[in-house]
Amino acid sequence: MRYLPHTNTDIQQMLATIGIADKEALFSGIPADCRLSRPIDLPPGLAEVDILAQLQQLAAKNAQVSDWSSFLGGGAYNHFIPAVIDHLVSRSEFYTAYTPYQPEISQGTLQGIFEFQTMICQLTGMDMANASMYDGASACAEAVLLAVRAAKKRNRVLICKTLHPHYRQTIATYCRYLDVELIAVETDNGTTPLEQVEQLLDERVAALVVGYPNYFGCIEPLSELAARVHTVDARLITAVAEPLALALYKSPGELGADIVVGDGQSFGLPLSYGGPGIGFFAVREKDMRLLPGRLVGETRDLDGNRSFVLTLATREQHIRREKATSNICSNQGMCALMVSIYLALHGKQGLRKLADINYARANWLREQISTLDGFALPFSTPVFNEFVVTCREPVADLKKRLEQQQILAGVAIGRDYPGLESGLLVCVTEQNSRKQMEQLLTALAGEK
Amino acid sequence: MRYLPHTNTDIQQMLATIGIADKEALFSGIPADCRLSRPIDLPPGLAEVDILAQLQQLAAKNAQVSDWSSFLGGGAYNHFIPAVIDHLVSRSEFYTAYTPYQPEISQGTLQGIFEFQTMICQLTGMDMANASMYDGASACAEAVLLAVRAAKKRNRVLICKTLHPHYRQTIATYCRYLDVELIAVETDNGTTPLEQVEQLLDERVAALVVGYPNYFGCIEPLSELAARVHTVDARLITAVAEPLALALYKSPGELGADIVVGDGQSFGLPLSYGGPGIGFFAVREKDMRLLPGRLVGETRDLDGNRSFVLTLATREQHIRREKATSNICSNQGMCALMVSIYLALHGKQGLRKLADINYARANWLREQISTLDGFALPFSTPVFNEFVVTCREPVADLKKRLEQQQILAGVAIGRDYPGLESGLLVCVTEQNSRKQMEQLLTALAGEK
Amino acid sequence: MIPTDSRGLVLDEPLLFEQSQPGRIGYSLPDTEVPQSAPPADLLRDDITDFPELSEVDVIRHYTRLSTWNYGVDSGFYPLGSCTMKYNPKVNEVAARLPGFAEIHPQTPEALNQGALELMYRLEQALTEVSGFPAISLQPAAGAQGELTGMLMIRAWHEARGSKRTKVIIPDTAHGTNPATASLCGYEVMPVSSTGILGRDAVAAVMSDEVAALMITNPNTLGLFEADIRAICDLVHEQGGLVYCDGANLNALMGISRPGDLGIDVMHFNLHKTFSTPHGGGGPGAGPVGVAEKLIPFLPLPVIIKEGDDYHFDYERPQSIGRVKSFYGHFGILVRAYSYILAMGGNGLKKATELAVLNANYIRARLEGAYALPFKERSLHEVVFSEENLGGGCRTLDVAKRLIDYGFHPPTIYFPLVVAGALMIEPTETESKQTLDDFCDAMLAIAAEAEQDPDKLKQAPTRARRRRLDEVTAARKPRLRWLP
Amino acid sequence: MIPTDSRGLVLDEPLLFEQSQPGRIGYSLPDTEVPQSAPPADLLRDDITDFPELSEVDVIRHYTRLSTWNYGVDSGFYPLGSCTMKYNPKVNEVAARLPGFAEIHPQTPEALNQGALELMYRLEQALTEVSGFPAISLQPAAGAQGELTGMLMIRAWHEARGSKRTKVIIPDTAHGTNPATASLCGYEVMPVSSTGILGRDAVAAVMSDEVAALMITNPNTLGLFEADIRAICDLVHEQGGLVYCDGANLNALMGISRPGDLGIDVMHFNLHKTFSTPHGGGGPGAGPVGVAEKLIPFLPLPVIIKEGDDYHFDYERPQSIGRVKSFYGHFGILVRAYSYILAMGGNGLKKATELAVLNANYIRARLEGAYALPFKERSLHEVVFSEENLGGGCRTLDVAKRLIDYGFHPPTIYFPLVVAGALMIEPTETESKQTLDDFCDAMLAIAAEAEQDPDKLKQAPTRARRRRLDEVTAARKPRLRWLP
Ligand SMILES: Cc1ncc(COP(=O)(O)O)c(C=O)c1O
Ligand SMILES: Cc1ncc(COP(=O)(O)O)c(C=O)c1O
């Protein structure tokens, strides 16, 4: 076996050094009634060529977005990934390393994360960000926990229904057995109505959680929400599933958010059927010691050279154990690196330009669809690169019909939003050419 | 433009430092009548995504061997390439470096080539090998030049007709305007008849060039040829287009060859429509100072540490100019590295086992085809993984017919071998499963 | 041989922001293709302040140089205990990048991604076979999330039965994620101290009808098999509790013992340990959970099911604890793990375990004496020494840093907490005897240096990119981002 | 900023053979699937003596470590004159690896590989547009083989006209491949000395009816445009000769001047210089030739032609010089070059040239004075200094080695031969002003060190993997392979 370097001679010599007769004796500490008495019932190992052939067969049964016209978004975005990213993250010093516990030989990872933390701050307009969370949904759930912990006696959290359903569900799971009361905030014209928020806000509320853009692709009135939330000293948690929007729209930080979480998949991570994504988590200075997860800080070494190191570890499980701010240990280090490379490559200009393209195309398509017979726009609020249309044709039928033409028309939102059964969430990125959009329009119009 | 880092400010500052007003002035040394007075008439630069789309369209028009059943060989061999190779050669310290002129910061390339030279010696059974040539054909032509130069007054070289036609043609081109007389040696039973060789050998002959395996896949009687060639003190040049054969068959060195050249493409290089391949060139000690191309040798640095360095440069064009042993400058460094990784990974056992698989499959198929009506084996000499069959059906028709079934049946040899118009050269590697071979047999038998 | 003269050019590299030049670009974007448009001006953002502006070559050099300051498994021996730093096969990386895996969208109708679902289904089956648990969820993102998922299921199971237990027993050898997870589930942690191996009696002493579960690690973080495991499970079960197993150390057990057969109710796997997926400088991992029959209704959403030849996600599971993250699992990591299982086969996995244990015991045999061994039971995949025997006033940290000068990644240190100055060495099976010998030679040399020339240790590392860092200032005056 | 404190862990690594262990394996092979068989015993070889036996992880670590001892363009500035070490775009690497390019067999019928032929045809057209030559052959493997191909065509042209000329004029600034190539074509070399720029008169003085051709490099290896080129071409043509142009320096001319318009008869391109394909630690390159009308019949075999919408290889070319290698061209390199042209577009190529020339002149402006500039004409893409002004008895070699300590790859040294201790600096267009400033700062610091502390130069490098090597012993007692 090519991954196992032991020759028979090696094994014999090693057993002799250990002072046992055979490999069996290595397991003498395991009681007989704990032993598996048969071989593992899995097929014998395959040659590399056969592994790839088998996997290729499975891969061929999937609908690659490069072979389809895909207008799917809803928490995972089909953006182009420059070749540079894979080239750089394939450097094994990065991806075969562990969490940088030994800073003297981990400065590459550490400086990379420090830069990631910085760019997340810049994008979100916040003071500090951690080294990553699993994904946007779990980051959002941890943000709720932070807010509740920070607010001490308060245990209510308002969750806007416009927040991505997976985020809402994950929050619910994380809070399941904790003393947290989750209260849903209804929806109006695709965003969160300020009046209802005002009604719900009181001294029991620790935080309000809102998407930006929200699940409908709409831009929520963040600064208005912030103003109201802050009147009761609660925290505004903003969740960003499509962070490219932050290159075009005002940052949550600028608008008054207290915590900004989200998923960085848009920035250079393959769709990969939804995982791994990468959660980000940014806060104001005041919440620094409540942050979950790893943090990299700047310091100096004995020679006075600038260096980076994992810091404020007293927040973390390996030091604080049951009192830790979170149980997270492994995070999404490699994904953070990919995001950083993506952001560095696009830079200030490129990210804005890319956001402009996404905006222009999506809004063009939105307009065009709205002129088609049988389609309407339920919401008038500004959007970024995603929007909801309602269709006269049943959404399931429409989707099926378009699949015949190799088009993935969008995400049906009816299951998550009773009352919006006719709604289709359509996403447009720079990967959807005008030609693709025109084909979509023809196909949509083609209803018999 | 993302490959061009200059900002406008940079450019202005640089022009000021230079002391000129604009970029135009940079070209003041070029007379007006030498200037191009119009823009380059090529389309504007494309975005990365569009480059890949355009290239993918071209790529889609080609017959990938992974989508076809390919029994093509004839100088390029479809062997499996382990993932490790691409991973390692993608390390940019290797592939973005130049020829290792500065050994202090090129020990990676240098040790890699030293190991390559060593493994080529081990495989071929020779004393020393150079750092690579362009390909087998040009290496073979340079071997002829070496032999003529070494032999001083002799200018005749015998070329076996069984040698790969491209090798023969390349030799002819290289010798076109030199005082070298090339004499063809005929063929018998797929190999070179010793009697004819005996007749042609005399004091005018500098060398005989023979393939091993030859173009028909047959194993030439190397030691018998060597014995005869050496009676007149000429050199036996052995050319190996499928070096995997050397893991199974006796090495040319062991059998008496004086020069062994060939192409290493089989060892981990993609087919890539025939290039880049990699020429190798191995000689006996006596010819060391006549070797063309780069050579890496072992030495020590000032601290006494073992080090590697380009050596014996006085043979080369940059020192010896018109008296150099060759004009070669760039060689196939990255390919040499790929070959080395491939050989190191397969190792002594793996290479033999792989050769066994190739041999067993090819010889099984050869037997099976020979039992089909309408097919015959023109030669009885042992083969490695390639063999000639003759077909009753016109070869061109047969090939076309099988292409309908997504089968590339083999290489027609009639154009290069008048008299063998019915010959098809069939190659079998570990990439041709038994199932593929059975399909080929069914298809062959299916002639109406 | 010990690489004592290693040295070479390692280049400096400032922060991205420090290199940025206004107007420099590294992107390459297609045309807009439709009329330009923009959101209302009051929503529009200005420039992203201080965001970097670089060319492609700047970015390439930046990360290329950064990488050279790092040490990975591909650089050399990385015996980081509890982390199972085995070789990450390169074919797995190719597999995960196949366009039919990397370019598929999670919102695609299931019927159009049957290959992905089938792969995950097959992976679940393989994990079932290796672990003995009848059902698996691939959903959790990493080990700690697997723990959370598992403990939430335990709590849901209790609640479904109307049982309101409040406590979880956790041995003092446990990883920090165990108590942190118990807290996240609203449980109070009851530490129990073990003397190497957790005795049934120790558990009995604290077990009660207030205890919802025991969280145990097997083999534990000392590298020892919990020999009383069956009896302990019986005991906990008898008293109405459940048993969670931290499966981080499964690399010691493949083909040897199946946690699911021993009475464990739920266990997480770390695919990034046992199943060779890369650690990525911190992640992403994958932390599937395996459960006993009784916990199947509580599995997180969704669950893959096979109906006829078709694969689906099942969301209609009323007792489920719900969703713990978006979509389903770290698919890209799952592909790698499945590719590994295909390469190894059943026998290969067992052989991996045997050799991992052989390697750990070989190191133990070579170093015992020079280094103090607090627990004498037969080691499995890792061995834990203490700093007790060190001369010259040297501590575990000094040994670790000195190992860097010898070209090795240090072991895990100061964990588990029950060992004074623990040096937790897990070689894994992909290391050869030669590598182990080089490492042991270095360890022995360091032990001798501690006696004779302790400054060598205390000043170490001197050959790395950086010398020891001022971690105190880092924590006291945190600088967590660059500012101009 | 100058990276003066760079340091870090760089690991040792023995030779493959020294690590080999009998019986260790790194391969993974499919089953034989048919009955085993073997050739006659007397033909069978024994083991390959001393061939390495390693595991996959051994191989990975070996080459990973080796790579860290190297310096590439991605590591830093690499101003190796005449080599055009520009950035190698990563998308080109992806392009060349597309299965529809990498996995196609050269013996496939042309009708089945139309995409590959079309790509090459389009590349030829692009090279035609950039260079002004009406026809291109992509066949030659590298620049030197392009030279051979071109000079053979020149000779074939002469012979076809019954002309038996025997000499070739080559200026003393020429690259070694020029005279070596002329010899390979059976020509006698007539060196002609130039004072920077080759004067028409200097050529006239040696031109005769014995001269088959002039080989000229434009811009020449001093980085200067051969301003008399038109007159020289006219002169040579008038006297029945042809003009070969070494096109290695085309990076100075794109969009500015087309060699094919100036009277040149044949020129080779170095795609691995001007068109950004990687140098690969020595190769592979690609050395297409462009020819004037009169040489088209002599192009090497085969030639790509387009008939209707179909692309073919034409082999029926009776006047062709024949084949110079197997198959057709370094296709994998051609794909990269074409991908580069697509990325740059016509304007981008011109801009590349302008910035390459700007960069060279900027370095010249900053260093002139501190370093002696033997030729004062306006530089194009590179600038050549001499060692004349160096203090402290330092030589060009010392400057080069000291640059390593500053973290830069040295320039080309001691070439061209006409300059005493030449320092030939070619920055290329992909380097930023910041990088050039860092480099110039280092060069100026070194010039100062030469005066004040020459040992710094003479002992350099001290920070690289190795100090200076004993090259004399290497050549006197060559050890060209490992032996046990
Ligand atoms: C024993 C043990 N349990 C749990 C974990 C947590 O796993 P993860 O990092 O995948 O969340 C670890 C990881 O270090 C561990 O070693
Ligand atoms: C001026 C000049 N001519 C010719 C060559 C030879 O080119 P190649 O190395 O591609 O054979 C070179 C390469 O260094 C060169 O600089």
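A, B, ... follow the sequence lines: proteins, then strands. Residue 1 opens every chain.
Taking the side chain as every heavy atom from C-beta outward, C:Asn70 and A:Phe94 approach each other to under 4.5 Å.
The OG atom of C:Ser339 lies 5.0 Å from the CD1 atom of A:Ile51; values are rounded to the nearest 0.5 Å. Of the inter-residue distances, the one linking A:Leu72 atom CG with C:His105 atom NE2 reads 5.0 Å to the nearest 0.5 angstrom. Taken from NE2 in C:His409 to OH in A:Tyr101, the straight-line distance is 10.0 Å, to the nearest 0.5 Å. Between C:Leu355 atom CG and A:Ile11 atom CD1 the span is 5.0 Å, to the nearest 0.5 Å.
For the residue pair A:Met128 and C:Leu480, the shortest heavy atom distance occurs at SD-CD1, 3.8 Å. Closest non-hydrogen pair, A:Ala63 versus C:Ile104, comes out as O-CG2, 3.6 Å. Across every non-hydrogen atom of A:Pro103 and C:Leu469, the tightest pair is CB-CD2, 3.6 Å. When all heavy atoms of A:Pro39 and C:Asn347 are compared, the pair lying nearest together is CB-OD1, 4.5 Å. Of all non-hydrogen atoms in C:His279 and A:Ala97, the two that sit nearest each other are CB-O, 3.3 Å. Considering all non-hydrogen atoms of both residues, A:Pro382 and C:Leu43 come closest at CG-CD1, 3.8 Å.
Ring geometry, A:His164 versus C:Phe327: the interplanar angle exceeds 60°, so the pair is classed perpendicular (tilted spans 30 to 60°).
Ionic pairing of A:Asp86 and C:Arg97 is present here: one or more N-O contacts between side-chain nitrogen and carboxylate oxygen are shorter than 4.0 angstrom. Residues A:Asp301 and C:Arg467 are not paired through a salt bridge, judged by the lack of any N-O separation under 4.0 Å between the basic side chain and the carboxylate. With respect to the salt-bridge test (charged N to carboxylate O, under 4.0 angstrom), the residues C:Arg45 and A:Glu254 do not qualify. In summary, C:Asp470 and A:Arg300 do not engage in a salt bridge, as defined by a charged side-chain N under 4.0 Å from a carboxylate O. Salt-bridge check for A:Arg434 with C:Glu33: failed, with every basic side-chain N at 4.0 Å or more from each acidic carboxylate O. One finds a salt bridge joining C:Glu354 and A:Lys23 here, because a Lys/Arg side-chain nitrogen approaches an Asp/Glu carboxylate oxygen to under 4.0 Å.
Here the side chain of C:Arg465 pairs no donor or acceptor atom with the backbone of A:Gln107 at under 3.5 angstrom. Of the possible polar contacts, none joining the A:Glu93 side chain to the C:Thr68 backbone as a donor-acceptor pair under 3.5 Å is found. Between the side chain of C:Tyr78 and the main chain of A:Tyr98, a donor-acceptor pair closer than 3.5 Å is present. When atom types are taken as modelled, the side chain of A:Arg352 and the backbone of C:Asp47 share no donor-acceptor pair closer than 3.5 angstrom. Looking at A:Thr173, its side chain does come within 3.5 Å of a backbone N or O of C:Arg323 through a donor-acceptor pair. For C:Asn113 (side chain) and A:Asn62 (main-chain N/O), no donor-acceptor pair under 3.5 Å exists by modelled atom type. Judged by distance alone, with hydrogens and angles left aside, the side-chain atoms of A:Ser330 form no donor-acceptor pair with the main-chain N or O of C:Gly283 at under 3.5 Å. Of the possible donor and acceptor atoms, one in the side chain of A:Thr118 sits under 3.5 Å from a partner among the backbone N and O of C:Trp482. Using modelled atom types, one side-chain atom of C:Ser257 and one backbone atom of A:Cys34 make a donor-acceptor pair closer than 3.5 Å. Judged by distance alone, the side chain of C:Gln145 and the main-chain N or O of A:Ile328 form no donor-acceptor pair under 3.5 Å.
For the residue pair A:Ser307/C:Arg466, the side-chain donor-acceptor check at 3.5 Å is satisfied. A donor atom on one side chain and an acceptor atom on the other are found under 3.5 Å apart for C:His62 and A:Glu115. For C:Ser67 and A:Arg91, the side-chain atoms include at least one donor-acceptor pair closer than 3.5 Å. A donor atom on one side chain and an acceptor atom on the other are not found under 3.5 Å apart for A:Gln317 and C:Thr177.
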*Do A:Asp135 and C:His330 pass the side chain to side chain donor-acceptor pair (under 3.5 Å) test, and can you show the C-alpha distance, the side-chain angles, and the key distance before you say yes or no?*
CA-CA 10 Å; A:Asp135 70 346; C:His330 279 168; over 6 Å; no
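Among the candidates A:Val309, A:Thr17, A:Leu88, the residue making the largest number of heavy-atom pairs closer than 4.5 Å to chain C is A:Leu88. If you tally non-hydrogen atom pairs under 4.5 Å between each of A:Gln117, A:Met334, A:His6 and chain C, the highest count goes to A:His6.
Within a 6.0 Å radius of NZ in A:Lys250, other residues, nucleotides and ligands contribute more than 12 heavy atoms.
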